Protein chains: 2
Amino acid sequence: MELTGYGSPSPGHLDATFAALADPTRRAILARLASGEASVSELAEPFAMSQPAISKHLKVLERAGLISRGRDAQRRPRRLEAAPLAEATRWLEHYRQFWEENFQALDAVLEDLKEQEARRPTPRKRRKHP
Amino acid sequence: MELTGYGSPSPGHLDATFAALADPTRRAILARLASGEASVSELAEPFAMSQPAISKHLKVLERAGLISRGRDAQRRPRRLEAAPLAEATRWLEHYRQFWEENFQALDAVLEDLKEQEARRPTPRKRRKHP
DNA sequence: GAGTTCCATGACCTATTGGTTATATAGGGC
DNA sequence: GCCCTATATAACCAATAGGTCATGGAACTC
């Protein structure tokens with residue numbers, strides 16, 4: 001089995017990763033696993049749904065590479081595998097600069113508008129976004 | 001209907017945000033919008049799918065608060081709204097510490113294995129996770 | 001070996017997703 | 001007013017998602 005290579009941010013994984021993260025039950029499961037591995041029944045206990053439903057969620061998480069399955073007697077403890085989270089984070093980081101700059105830029109634009117409106121009385125046509 | 005409010009980063013939004021990010025077409029659209037606002041037809045152009053399909057994707061992005069709609073003549077230029085991305089990133093950041101530690105731990109384990117294998121010839125039973 | 005615990009899987013149901021085509025609406029150019 | 005461009009919307013369809021209940025199977029307990 002191959003760890004997602006460092007070199008190949010194969011975007012197919014992002015699909016599965018983000019899809020897995022889109023469900024609150026699954027996010028809660030990951031949160032639980034962040035504090036250590038846990039058996040299926042332990043993971044199921046907080047939720048008002050059947051064990052098979054949890055197993056399905058676990059399968060989704062596993063196919064996204066977000067968890068792995070161990071074995072300990074009858075138990076199949078799940079453990080968090082953070083690599084896909086790292087990959088997803090890297091994708092989002094790509095935008096961090098953007099939104100941070102964005103708020104600064106917004107301020108700048110507002111300043112600019114104040115100045116310009118103080119000078120020119122009427123702006124013109126083809127408005128872009130306000 | 002108005003601009004997506006600045007105010008409510010409720011966690012219900014994480015569902016919609018991650019779900020929106022789970023599709024490669026939508027991620028590509030966001031990437032495109034990171035370099036400036038664009039009309040629907042501009043956004044649709046790179047893709048081998050119909051305009052209504054793109055409009056549907058845009059609706060998903062909009063309901064997730066990831067984009068907003070402007071108006072310019074007949075055009076309805078979309079603009080990136082990074083706030084939900086920030087929220088998603090914050091959720092993931094929660095795990096950053098975890099996976100960074102994890103890789104350190106992995107290194108440590110690998111070191112350890114090298115040492116141990118140099119000494120003991122055969123390891124044993126009741127494996128928990130490798 | 002019989003029962004029990006833990007988990008996985010199959011069959012089923014409904015709602016949602018992601019695409020299609022066809023049509024409607026809104027605004028600008030002439 | 002008429003047509004063209006840009007976008008939205010409706011109706012439809014197949015596939016997937018997220019649950020259910022029932023059953024199966026592996027591994028411990030006694």
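Protein chains get the first letters and strands the later ones, always in sequence-line order, with residue 1 at the start of each. Given the structure is predicted, the values throughout are model-derived calculations rather than measurements.
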* A:Asp15 CG to C:dT17 P, straight-line distance once rounded to whole Å -> 15 Å
* **Pair A:Glu93-A:Arg96, salt bridge (charged side-chain N to carboxylate O under 4.0 Å, His left out): steps then yes or no** => CA-CA 5 Å; A:Glu93 289 286 347; A:Arg96 171 187 290 276; 2.9 Å; yes
* Asked: For A:Arg71 and D:dA27, is the shortest distance between a side-chain N/O and OP1 or OP2 below 4.0 Å?
  -> yes
* Let me know the distance between CD1 of B:Ile54 and P of D:dT9, rounded to the nearest Å. => 16 Å
* Counting side-chain heavy atoms from CB outward, which of D:dG19, D:dA8, D:dA27 is closest to B:Pro52? -> D:dA8
* Side chain of B:Arg26 - closest among C:dT21, C:dG18, D:dG19 -> C:dG18
* **Donor-acceptor pair (no angle test) under 3.5 Å: B:Gln51 side chain, D:dA6 base** => no
* To do: State whether A:Ser55 places a side-chain N or O below 4.0 Å from either non-bridging phosphate oxygen (OP1 or OP2) of C:dA8.
  => yes
* Asked: B:Leu43 has an atom CG; how far is it from atom C1' of D:dA8, in whole Å?
  -> 15 Å
* Asked: Below 4.0 angstrom from OP1 or OP2 of D:dA17, is there any side-chain N or O of A:Lys59?
  -> no
* Let me know the distance between CG of B:Asp23 and C1' of C:dG19, rounded to the nearest Å. => 11 Å
* Structure fact -> With the side chain defined as heavy atoms from C-beta on, B:Arg76 is closest, among C:dG27, D:dG19, C:dT20, to C:dG27
* Asked: With a 3.5 Å cut-off and no angle check, do the side chains of B:Ser55 and B:Gln51 form a donor-acceptor pair?
  -> yes
* Asked: What nucleotide among C:dG27, D:dA8, D:dG19 has an atom nearest to a side-chain atom of A:Thr25?
  -> D:dG19
* Structure fact -> Of B:Ser39 and A:Gln74, the one whose nearest nucleotide on DNA chain D sits closer to the 5' end is B:Ser39
* **Rounded distance in Å - CZ (A:Phe18) to C1' (C:dT17)** => 18 Å
* Counting only side-chain N and O atoms of A:Arg69, is one of them less than 4.0 Å from OP1 or OP2 of C:dA8? -> yes
* Nucleotide D:dT5, atom P - distance to CD of B:Glu45 in whole Å -> 17 Å
* To do: Would you mind telling me which of C:dC7, C:dA11, D:dA8 lies closest to the side-chain atoms of A:Lys56?
  => C:dA11
* Asked: Can you check the B:Leu21 CG to C:dT17 C1' distance for me, whole Å?
  -> 16 Å
* To do: Report yes if a side-chain nitrogen or oxygen of A:His57 is closer than 4.0 Å to either non-bridging phosphate oxygen (OP1 or OP2) of D:dA17; otherwise report no.
  => no
* Rounded to the nearest Å, what distance is computed from the CG atom of residue B:Leu58 to the C1' atom of nucleotide D:dT9? -> 14 Å
* Residue closer to the 5' end of DNA chain D, A:Val60 versus B:Glu42 (nearest nucleotide) -> B:Glu42
* Relative to each other, are the rings of B:Trp91 and B:Phe18 parallel, tilted or perpendicular (30° and 60° limits)? -> perpendicular
* Side chain of A:Arg75: nearest nucleotide among C:dT21, C:dC7, D:dA6? -> C:dC7
* Is any side-chain heavy atom of B:Leu43 closer than 4.5 Å to a side-chain heavy atom of B:Leu33? -> yes
* Would you indicate what A:Ser41 reaches in the nucleic acid, counting non-hydrogen atoms under 4.0 angstrom: base, sugar-phosphate, or nothing? => sugar-phosphate
* Kindly point out which of C:dG19, C:dG10, D:dT7 is positioned nearest to the side chain of B:Met49? => C:dG19
* Asked: Can we say B:Glu62 and B:Arg76 salt-bridge, meaning some charged N sits less than 4.0 Å from an Asp/Glu carboxylate O?
  -> no
* **Minimum heavy-atom distance between A:Asp23 and A:Thr25, given as atom pair plus value** => OD1-N, 2.8 Å
